[in-house]
There are 2 protein chains.
Amino acid sequence: MKVVVTFQPKEEFVTDLRQDFPEVDFSFFKKINDAEHALHEAEIIVTMGEDLTDRHIELSQRLKWIMVTSAGLEKMPFGAIRKKGILVTNARGIHKIPMAEFTLGLMLQHAKQFQSVLKQEEEGVWSRRLPTSELNDASLLVLGAGAIGSEIARLGKAFHMKTAGVNSTGEEVNHFDQMYTLLNFEEFLPDADYIVAVLPSTENTKYILQTEHFEKMKDSAVFINIGRGDLIEESILLDAARTNKIGHIFLDVFGEEPLPSTHSFWEEKGITVTPHLSSITKMYMPRALNIFKKNLKAYSKKSDELINVIDAERGY
Amino acid sequence: MKVVVTFQPKEEFVTDLRQDFPEVDFSFFKKINDAEHALHEAEIIVTMGEDLTDRHIELSQRLKWIMVTSAGLEKMPFGAIRKKGILVTNARGIHKIPMAEFTLGLMLQHAKQFQSVLKQEEEGVWSRRLPTSELNDASLLVLGAGAIGSEIARLGKAFHMKTAGVNSTGEEVNHFDQMYTLLNFEEFLPDADYIVAVLPSTENTKYILQTEHFEKMKDSAVFINIGRGDLIEESILLDAARTNKIGHIFLDVFGEEPLPSTHSFWEEKGITVTPHLSSITKMYMPRALNIFKKNLKAYSKKSDELINVIDAERGY
């Protein structure tokens with residue numbers, strides 16, 4: 001059984017896979033272009049998720065299964081995949097821990113004014129007059145109450161926050177005190193101290209946040225986007241920051257990544273740019289490969305107990 | 001009934017007190033020296049806690065109760081207080097929320113490498129190659145498993161950390177998986193990813209952390225002191241940071257405060273100085289005055305249901 005991996009994991013992961021599956025023939029390549037000559041023999045492709053095209057699917061005549069070691073499936077050639085009836089699985093579920101920790105970290109960074117504290121430290125200034133606040137009793141609105149959003153709310157509740165969530169139906173989700181839909185979440189905006197967006201990019205979410213939403217927020221509110229950059233026009237964010245409509249904006253995702261070095265976001269005092277970091281931790285690859293290994297065991301036994309199977313019709 | 005307050009709270013608190021207790025005669029002073037002429041009539045003194053001397057107690061011939069709006073009682077003239085049988089209450093209990101939030105904030109700041117992220121942002125650099133980690137599954141050792149320590153552990157457990165606590169007896173405390181005493185906590189040091197000290201300054205805790213303790217810690221360990229500066233000689237901390245015996249040191253408390261601007265801590269890369277901020281929030285004064293108001297109601301009714309009464313013999 002031939003497995004083509006279109007990225008180069010650290011040596012420890014390569015060794016680990018070969019030890020656990022001595023009967024499997026693994027080939028590792030730095031990128032998919034290097035792997036082309038091997039594709040025609042591949043029964044399984046393991047990919048980070050943004051490199052496969054229709055042509056690769058066509059070349060891979062024996063392909064039965066694609067394992068995507070991320071959650072993003074936006075660039076998958078599902079048309080060709082459906083036609084050949086190829087199984088697709090991904091690594092969904094491994095993002096909630098790092099992304100929720102990252103989000104709470106940003107919220108505490110703001111509440112405790114760590115940016116100012118670090119600036120003071122650099123200048124050797126001892127000043128305790130900082131507008132520090134608490135998460136305790138503050139209100140948190142999460143746009144996108146899925147697995148990640150619910151984990152953010154769970155930690156919010158541990159800090160005694162009030163939590164409100166937004167999903168497509170408004171149905172209840174664990175750890176949220178109240179639920180809203182994309183049509184009525186505006187009602188909660190005047191109460192929210194922290195607004196976290198963790199929405200995927202779909203037809204229903206693209207550019208839905210408008211100037212009017214920022215006008216409804218508290219002057220002191222903090223907006224954090226760890227979902228997708230196309231949730232909101234960049235000009236709206238810049239305007240909100242420049243006119244002090246809002247307390248602070250943290251952006252981890254952008255329309256164009258890497259964010260160009262000339263972009264106004266970098267210089268804007270009211271906006272903090274982080275380089276799409278929320279899900280990155282040392283645990284990413286071990287967790288993703290654990291899912292792959294579980295599935296590879298099931299697949300080898302011709303069991304149908306694979307987890308994280310993607311519906312190629314719906315694309316998720 | 002005459003109440004002398006030896007600090008000047010914001011106008012809203014003054015108004016609030018006078019509205020709630022119209023029969024009480026409140027006098028507010030910027031500092032105790034300004035209040036001297038009023039002390040001989042004071043039945044109650046409300047103080048931040050570091051200004052009273054034997055002489056002030058002597059001058060206050062009608063004094064029956066001292067309310068300290070902090071938790072620190074180290075400088076209280078308990079000898080003179082005992083002699084006159086004066087009641088002392090303080091604001092203990094109001095520190096655990098802000099101090100635990102501050103501590104988790106520092107831990108996340110380290111795990112998510114926010115200092116480097118902010119540095120990168122300042123330079124307009126998009127780089128995702130940062131040694132970020134997670135609190136999830138990491139080990140937390142708290143020296144001082146009292147109300148504040150237990151609250152830190154509670155939040156640690158919410159982040160799925162392993163928690164170990166240290167108190168004088170080793171008896172169980174909520175939210176700690178394991179307990180140690182000051183005599184055997186060294187056993188846990190090689191396992192600890194985060195070591196948080198929140199010990200008061202007593203004969204048993206002064207300068208107990210020694211070079212040997214830092215030698216037992218992981219190279220990647222993070223040491224956070226939000227208790228008292230005299231837990232450890234400054235030279236030991238500087239040495240640990242300079243020789244990379246430890247991952248990072250966060251210090252919020254110091255032998256001398258404010259920390260002198262020429263002090264080596266400011267410049268040391270492995271040490272982050274914060275200006276005794278852990279308990280400061282906008283909620284400090286409202287919470288402290290709430291305790292005072294509860295007690296003033298009880299005191300006015302000659303009830304003995306006052307909370308946070310200090311034993312003047314023991315000093316806590």
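Computed from heavy atoms alone, side chains included, the values below leave out hydrogens, waters and symmetry copies. Naming: A, B, ... by sequence-line order, numbering from 1 per chain. These numbers were taken from a predicted model, which means no experiment stands behind them.
Per-residue heavy-atom pair counts under 4.5 Å with chain B were compared for A:Pro131, A:Ser261, A:Ser278, A:Ser127, and the maximum is reached by A:Ser127. Options A:Gly105, A:Pro258, A:Ala158 differ in how many heavy-atom pairs under 4.5 Å they form with chain B, and the most are formed by A:Pro258. When A:Val273, A:Leu106, A:Val117 are compared by the number of non-hydrogen pairs under 4.5 Å with chain B, A:Val273 comes out ahead. Of the listed residues B:Glu123, B:Gln115, B:Arg154, B:Gln120, the one with more heavy-atom pairs under 4.5 angstrom with chain A than any other is B:Arg154. Among B:Leu155, B:Thr274, B:Leu277, the residue with the largest count of heavy-atom pairs under 4.5 Å with chain A is B:Leu155.
Contact annotation for B:Glu101: both backbone and side-chain heavy atoms come within less than 4.5 Å of a heavy atom of chain A. Contact of B:Thr262 with chain A is not made at all, since no heavy-atom distance falls under 4.5 Å. Of the two parts of B:Ile280, the backbone and the side chain both hold a non-hydrogen atom closer than 4.5 Å to a non-hydrogen atom of chain A.
For NZ of A:Lys294, the number of neighbouring non-hydrogen atoms (other residues, nucleotides, ligands) closer than 6.0 Å is 12 at most. Heavy-atom neighbours of A:Lys293 NZ from other residues, nucleotides or ligands within 6.0 Å: above the threshold of 12. No more than 12 heavy-atom neighbours from other residues, nucleotides or ligands sit within 6.0 angstrom of CD on A:Glu267. Within a 6.0 Å radius of CD in B:Glu257, more than 12 heavy atoms belonging to other residues, nucleotides or ligands are found.
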Determine whether A:Thr272 and B:Glu121 satisfy the following criterion, side-chain contact (heavy atoms from CB on, under 4.5 Å), listing intermediate values before the conclusion.
CA-CA 7 Å; A:Thr272 300; B:Glu121 204 221 2; 4.1 Å; yes
Candidate pair A:Leu104 and B:Phe159, rule side-chain contact (heavy atoms from CB on, under 4.5 Å), full reasoning
CA-CA 10 Å; A:Leu104 269 288; B:Phe159 282 89; 4.2 Å; yes
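Two residues are said to be in side-chain contact when any heavy atoms from C-beta on lie closer than 4.5 Å; B:Gln109 and A:Leu118 meet this criterion.
When the side-chain contact (heavy atoms from CB on, under 4.5 Å) test is applied to B:Ala153, the partners found at least two apart in sequence or on another chain are B:Thr163, B:His175, B:Phe176. Listed by chain and number, the residues in a side-chain hydrogen bond (donor to acceptor under 3.5 Å, both in side chains) with B:Lys119 are A:Glu122 (sequence neighbours excluded).
For A:Arg128 (side chain) and B:His276 (main-chain N/O), a donor-acceptor pair under 3.5 Å exists by modelled atom type.
Atom-to-atom distance recorded for A:Phe254:CZ and B:Trp126:CH2 is 5.0 Å, nearest 0.5 angstrom. We find the CD-OG1 distance between A:Gln113 and B:Thr281 to be 12.5 Å, quoted to the nearest 0.5 Å. For the atom pair B:Leu108 CG and A:Lys112 NZ, the distance stands at 12.5 Å (nearest 0.5 Å).
The salt bridge (charged side-chain N to carboxylate O under 4.0 Å, His left out) pairs that include a residue from residues 226-241 of chain A are A:Glu74-A:Arg228, A:Asp239-A:Lys245, where partners are two or more places apart or lie in different chains.
Using a 4.5 Å cut-off between non-hydrogen atoms, the part of residues 134-141 of chain B that approaches chain A consists of B:Glu134, B:Leu135, B:Asn136.
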